[in-house]
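Taking it in order: structure first as structure tokens, then the write-up.
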Protein chains: 4
Amino acid sequence: MLNRVILIGRLTRDPELRYTPAGVAVTQFTLAVDRPFTSGGSKEREADFINIVTWRQLAETCANYLRKGRLTAVEGRIQVRNYDNNEGKRVYVTEIIADNVRFLESSGGGNREEGGSSNANANAGYGGGSGSSNRGGGSREQQDPFIDDGKPIDISDDDLPF
Amino acid sequence: MLNRVILIGRLTRDPELRYTPAGVAVTQFTLAVDRPFTSGGSKEREADFINIVTWRQLAETCANYLRKGRLTAVEGRIQVRNYDNNEGKRVYVTEIIADNVRFLESSGGGNREEGGSSNANANAGYGGGSGSSNRGGGSREQQDPFIDDGKPIDISDDDLPF
Amino acid sequence: MLNRVILIGRLTRDPELRYTPAGVAVTQFTLAVDRPFTSGGSKEREADFINIVTWRQLAETCANYLRKGRLTAVEGRIQVRNYDNNEGKRVYVTEIIADNVRFLESSGGGNREEGGSSNANANAGYGGGSGSSNRGGGSREQQDPFIDDGKPIDISDDDLPF
Amino acid sequence: MLNRVILIGRLTRDPELRYTPAGVAVTQFTLAVDRPFTSGGSKEREADFINIVTWRQLAETCANYLRKGRLTAVEGRIQVRNYDNNEGKRVYVTEIIADNVRFLESSGGGNREEGGSSNANANAGYGGGSGSSNRGGGSREQQDPFIDDGKPIDISDDDLPF
DNA sequence: TTTT
DNA sequence: TTTT
């Protein structure tokens, strides 16, 4: 009924941009978020590694401007997907579907547009078409679109979070 | 570096209260949080099922006052635990460590105190001791404390989130 | 750069629905939010009284379904307006521009639609026209649109938050 | 009942550290938070100027490490104070009482400790005493403690937010 | 494995 | 009264 998450952390690696069969952009990255305490007597501060997913225009902006190590703020909602793995066991995947991403470290620019604002919002560019007619069909939520097996990904457009 | 989650949803079942070997209270429950849209042409609104963990005083208050179906607000942080399952495979578990829980539906009272405030905060009652000397040992983060196998649970006090 | 507020509290009075000269709906209400502590040795818990503003479709839904005393969750951003009062002194007004409002108490229905979902989001119905051509002009941010002086309100459409 | 704010912005000036009569540290600063849109046809992006208040240990850390222009994340709750000004008119002041502040730009260090973590939490150092016996008295919430008139400030310890 |  |  209300589902809001705000995180600040650093990318563990470069973001991965893909496209659904219908041509909708999705990018995925992981944020390392330091815990607010040290535990177990150890001096080393632990982190949580949290998976972030962005869609459409925001996905492309993230792919262009985010890089491994960058300090980044993410706003979105928690989503729990599930799929059956190759042993027929149900697996649950928790991700943050981001609708607002802030680049907190300027970087010398992305690989496309120059002078981009350090500013990316799910509603900017929204409605700009992007041809979301549903094809690809297939049983929804049945396999993990983020397991990279070399084959073309099969994200049903039903997975679109808006 | 910053990690904040706010959810409103309904308990899918009664909360489960347990104690670590050192006597620290932990309660676990799942919140069904309706998604803000309907998907796949279907009219039925989907939900995310999100696992919540509370500790100490807040754990006991939740166990006393929350019940299946109750509308509840939760504030906390995302935590990603991992452990190796019985096939030696690493499993990741995402949970919300709550530090603030609000009971949005009055209920005729819990099973202990009467007239309790619909209000529960991790810092209330905090510092009240509760004997957190670390015993129990065991390899930290190696097994899921929430897999209920009938045996007494073995949550190391290293797992305490503060 | 990032500005997010989440509140749960009760309406201090019925919401007020108005329209800008261009016909855009605005509703205003105040949320009483109990503080998480009691202060000054007193037993009486204090509250903060926080002004909420909603626009367009969300404004109309709030006007229809919210009433004095209702427990309500609000998500939005803080905005600080300023205007010069009749003594020529600059006055600052802090409000929450809500984009998501949840009705936490069912109520027997609003005064229009029956069976409405307890659910109201700024993006639902967004883009549904509502004739936002800018007329009315006038000096922007010069007087408080929420001071009710009996005269027709003068909210410039420049004040629209999106 | 629930009151949570998260902001990212830049300090408009250096923070101001003061002490209540009982010796409790308070620091105040203003965050300029860019709005997520440009308005009125203008190309210049507007900002909200939001007042932040921190107490105790967190106040001292902020005074040491924050400076004008620094990109900063703030987590806290909205508070609305009121007082009667010199014309006997009630004035309302909205502030964010921060309990978590993140320094998003490293800076070459503060003016006291070296090697400080870019990390400041209200609960660290909390309970460290700080002698909060209430003296100074005076009518609570009657005058604005942040109007700087050259005289020693008179913040009653009743104003402490925890 | 899920709530209204 | 405002920051980059």
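Model, not experiment: these values are computed from the prediction. Chain letters run A, B, ... following the sequence lines, proteins first, then strands; residues in each count from 1.
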(message) Counting C-beta onward and ignoring hydrogens, is there a side-chain heavy-atom pair between A:Thr72 and A:Leu66 closer than 4.5 Å?
(response) yes
Enumerate the protein-to-nucleotides 2-4 of chain E contacts in which both atoms are nitrogen or oxygen and the separation is below 3.5 Å.
{"residue": "E:dT4", "atom": "O4'", "partner": "B:Arg10", "partner atom": "NE", "Å": "3.3"}

(request) With sequence neighbours excluded, tell me which residues meet side chain to side chain donor-acceptor pair (under 3.5 Å) with D:Asn100. (result) D:Glu75, D:Arg102
(request) Determine, for D:Lys68 against D:Asp14, whether the closest basic-nitrogen to carboxylate-oxygen distance falls under 4.0 angstrom. (result) no
(request) Go through the structure and list residues passing salt bridge (Lys or Arg N to Asp or Glu O under 4.0 Å) with D:Asp48, not counting sequence neighbours. (result) C:Arg77, D:Arg35
(request) Please test D:Val101 against D:Leu58 for side chain to side chain contact (heavy atoms under 4.5 Å, CB included), starting from the C-alpha separation and ending with a verdict. (result) CA-CA 8 Å; D:Val101 175; D:Leu58 180 55; 4.1 Å; yes
